[in-house]
Every structure is written in structure tokens, then in C-alpha cells.
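To keep things clear, I will list the structure first and then write my remarks on it.
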Amino acid sequence: MNPARRKRLILIGLMVAGVAVAVGFALNAFNQNLMFFYSPSEVAQGKAPPDHAFRLGGLVTNGSVKRLPNGLTTRFEVTDNTRTVTIEYTGILPDLFREGQGIVAHGKLNADGVFIADEVLAKHDENYMPPEVADALKKSHKVNSAAGGREGALGREVNSAAGGREGTLGREEGVSASQKGTAP
Amino acid sequence: MLRFFHQLASPKHFYRISGKWIPWLGAACLAFMLAGLYQGLLVAPTDYQQGDSYRIMFVHVPAAWMSLFIYMVMAIAGGIGLVWRIKLAEIMAISSAHVGASFTFLALITGSIWGKPMWGSWWVWDARLTSELILLFLYLGVIALYNAVEDRRTAARATSILALVGVVNIPIIHYSVEWWNTLHQGPTVTKFDAPSIDFRMLIPLLLMAIAFKLFYAVVVLLRARVEVLQRERNTSWVKALVAEHE
């Protein structure tokens, strides 16, 4: 390679590396601002802003969804495996909202520690399968939980609601975790 | 092999060879597109949660892949143009920008249409969506900068530098769903552990990805041929070509 070309190549390499380092530092500095939502554990640790609105993400705990007597407000719990936060939301929930599903809610904590949401978004996971496969998965974990008895059923509830690492809220991990949890 | 590339880099040979390739690439693109659409819309089963709405991903996901792929092609071609001063590399870089911008726009629009019923929102400012939007602006910036400078070669150098600076955004888009909490779901196909997509759904996705790649090849060659003719309009071979067609 002739010297002029080599010089240009090195210059370009340095430029790209320099920009990458600069952006890397900037992103690192703004890391917290780039998080789309806080997890229930972070809320429990007091990382979420107490006096203004923020987003809270987690899996809807199985069996926690209740309609309040006024008929429009839904009360449910979201969890990230370690901590749980109760959410109240008045309005229409998205189609994908169901127990065990990952959701992101926008709103504020009130004085009692209940999260009053003004918007609830469903977080879809990265798994795609036809209904028969989903049924088969569900069936196999029902059989397991029946074999595990009462304790097993309880374990399933907790595990499948809390499966997945924080942030991904994966559905499949939840299922496999429940299968582990229910082994007799 | 090296000689082949050397020849290809000369505008005259490029014009002749690409003219032969385009019909074949176009036919292959059409075949893959039809097969992908048939598999995707008629053969693939419905999703257990999303029903039929998930089928928009057969356009959305390949379009999003293309937006990243074309940007890399554009930046690398621009870099080659800068270092080796190869005219054809500059032409390929700028010809890619419009196709890339279109695919980015398509990915954003299809994602938005899917997001409303599934998430409950047309748009959220999470890391994945925001970085993809920045990619669209980078493409538009490249196109605008190229057209703002009168001299084609100076313009190509300036846009190549802009394209190279923007490369930093590509890993950010790709890893955004892993580095930060986002509403957008994580990767499905490139995940190494358990496959999280049904085989019958994966086939049309890959077919469409190949079709989009071929589509890009056809469009970028067509655009590059026009650019070659414009830049070389005063050379004897272009004049001969024009005379031949008159």
C-alpha cells in the first residue's frame, strides 16, 4: 500500500475509533436516562423518582388482576422475581395484557406505594409459535404441577409470573423455570 | 479474481457487466419474494398470542436488517472511496443511501402499525426505536449533503466521512435491546440458546430477507448505472453508447 493511502486509512480508522469512544462515554453517562422503565426492585430501592411520573415494567403476577367495583379501574401486581408493586389503572388495556405477560406502565407512586398508571403498554416477548405448540407447552407444565401437588402449584404460580431476567421479561424462561420449580 | 474486480472498478466495464446482471437478480428477487409471501401469508401458522398480526414481521424484520446492512455497505464503500479514490466505490456508497433510507422508513412504519394494536402505542421513545430513527436521519443527512455540494467527487468525500461517523450507531441499534430496558423485544433469530421461533415461521422470514437483499442489489445497480452515465457523460464510451441508441 502506498504511504498516502496508508495515511488516509489510518486517519479514517482513528476517526471512527475516536467517535466510538466519545459516544461510548456519552452513553455510559446517560445510562440511566436510556432505560425505558424501572423494575419493581429499583422502585423498592428508591431509584425511581418519587415526585414525578416514570415508567414501571414487570410481569403481571398470576391471579392478581382484579376489577375494582367502579368497573373501569383494574388493579394488578407486577413483579421482577424479587419485588412486587401494585398498579391501578383506569382505562382500556392493550390486547396482549394478561397474567404472566410483561407490561410497561407510565404513572406515579401514591402515598401508599400504589402505582397509579395513566398508560399501560404490553411488552411483547421474542417468542413466536403456533397455538398448538403453546398449548402443548402449557399442558406439559400443568401435568408437572399436578404431580408436584399443592406446593408445586404454588411454586408454579410464583415462578411463571416471575420468570426471565430483569429487562427481557421472557415468557419461555418463565415456563422452564416453572417446570424446574414443580419437579417433585 | 483480482483482475475481475479491477475491471469491475472501471465505470465502463461496470456499466456493461451490471447491465447483464440486473435481469437475473430481478428475476431471483421476484421468485424469492413470491415464495416468501406465499409461505408467510398462507403457510405459516398463526401466533399463539398475536394471532395473524405478527405476519407484518415478514416485512418489518427484513427491512430493519436491510437498514443496518445497507448502512454498513455504504460506509465501507465510502471508506474505500476515501482511501483508494475509486470512483465506483463512491458511486456505490451514494447509490445505497436512498435504498437504505427507504428500508429504514419501511421498518419504522411497519413497526408503528404493529405497535399500536400490540403494545398499545404508535411510538415510544425507547432506545431501539430512537436509534433506528437516528439512522433514518443519518441516511437523509448523507443524501442532503451529497446534493448540497456541486462537485461530485468533493461531495462523495464529504458524505463518506459523514457515513463513517454514523457507523457508531449500528452496534447501538443492534444491542440497544440488550444494553437497556426497552419496550421493543429482544432478538429472536440471532439468539444462540433455545430457538424461540417456530420453524414454519422462520422459513418465510429468511426467504423475505433474501428477497430484500436481491431487491437492494437490483436497485443499487440501477441507481449506480445512472450515476456512472452522469459522471462520465463527456467520455468517449458514453458518447458512443448514446450514439448507438439514437
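Each chain gets a letter, A, B and so on, in the order its sequence line appears, and its residues count up from 1.
Within a 6.0 Å radius of CZ in B:Arg231, more than 12 heavy atoms belonging to other residues, nucleotides or ligands are found. Remark: A:Lys108 NZ is loosely packed, at most 12 non-hydrogen atoms of other residues, nucleotides or ligands lying under 6.0 Å away. At most 12 heavy atoms of other shown residues, nucleotides or ligands fall within 6.0 angstrom of atom CZ in B:Phe105. The environment of A:Ile92 atom CD1 is sparse: at most 12 non-hydrogen atoms of other residues, nucleotides or ligands sit within 6.0 angstrom. With a 6.0 Å radius and a threshold of 12 heavy atoms from other residues, nucleotides or ligands, B:Phe32 has its CZ atom at or below the threshold.
The contact between A:Val16 and chain B is made entirely by side chain atoms (from C-beta outward), counting heavy-atom distances below 4.5 Å. Contacts of A:Leu9 with chain B are made by both backbone and side-chain atoms, with heavy-atom separations under 4.5 Å.
Residue A:Phe36 comes nearest to B:Thr182 through the heavy atom pair CB-CA, 3.9 Å, listed as atom of the first residue, atom of the second, then distance.
The greatest number of non-hydrogen atom pairs below 4.5 Å with chain A, out of B:Leu202, B:Val168, B:Asn169, is found for B:Val168. For chain A, the option among B:Lys116, B:Gln185, B:Arg200 with the highest count of heavy-atom pairs below 4.5 Å is B:Gln185. Most heavy-atom pairs under 4.5 Å with chain B: of the set A:Pro94, A:Ala122, A:Gly18, this distinction falls to A:Ala122.
Contacts between residues 117-130 of chain B and chain A, counted as heavy-atom pairs separated by less than 4.5 Å, involve B:Pro117, B:Met118, B:Trp119, B:Gly120, B:Ser121, B:Val124, B:Trp125, B:Asp126, B:Ala127. Residues of residues 143-165 of chain B lying under 4.5 angstrom from chain A, judged on non-hydrogen atoms, are B:Ile161, B:Leu164, B:Val165 by number.
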Can you check side-chain contact (heavy atoms from CB on, under 4.5 Å) on B:Ile172 and A:Val23, steps first, answer last?
-> CA-CA 10 Å; B:Ile172 294 175; A:Val23 171; 3.7 Å; yes
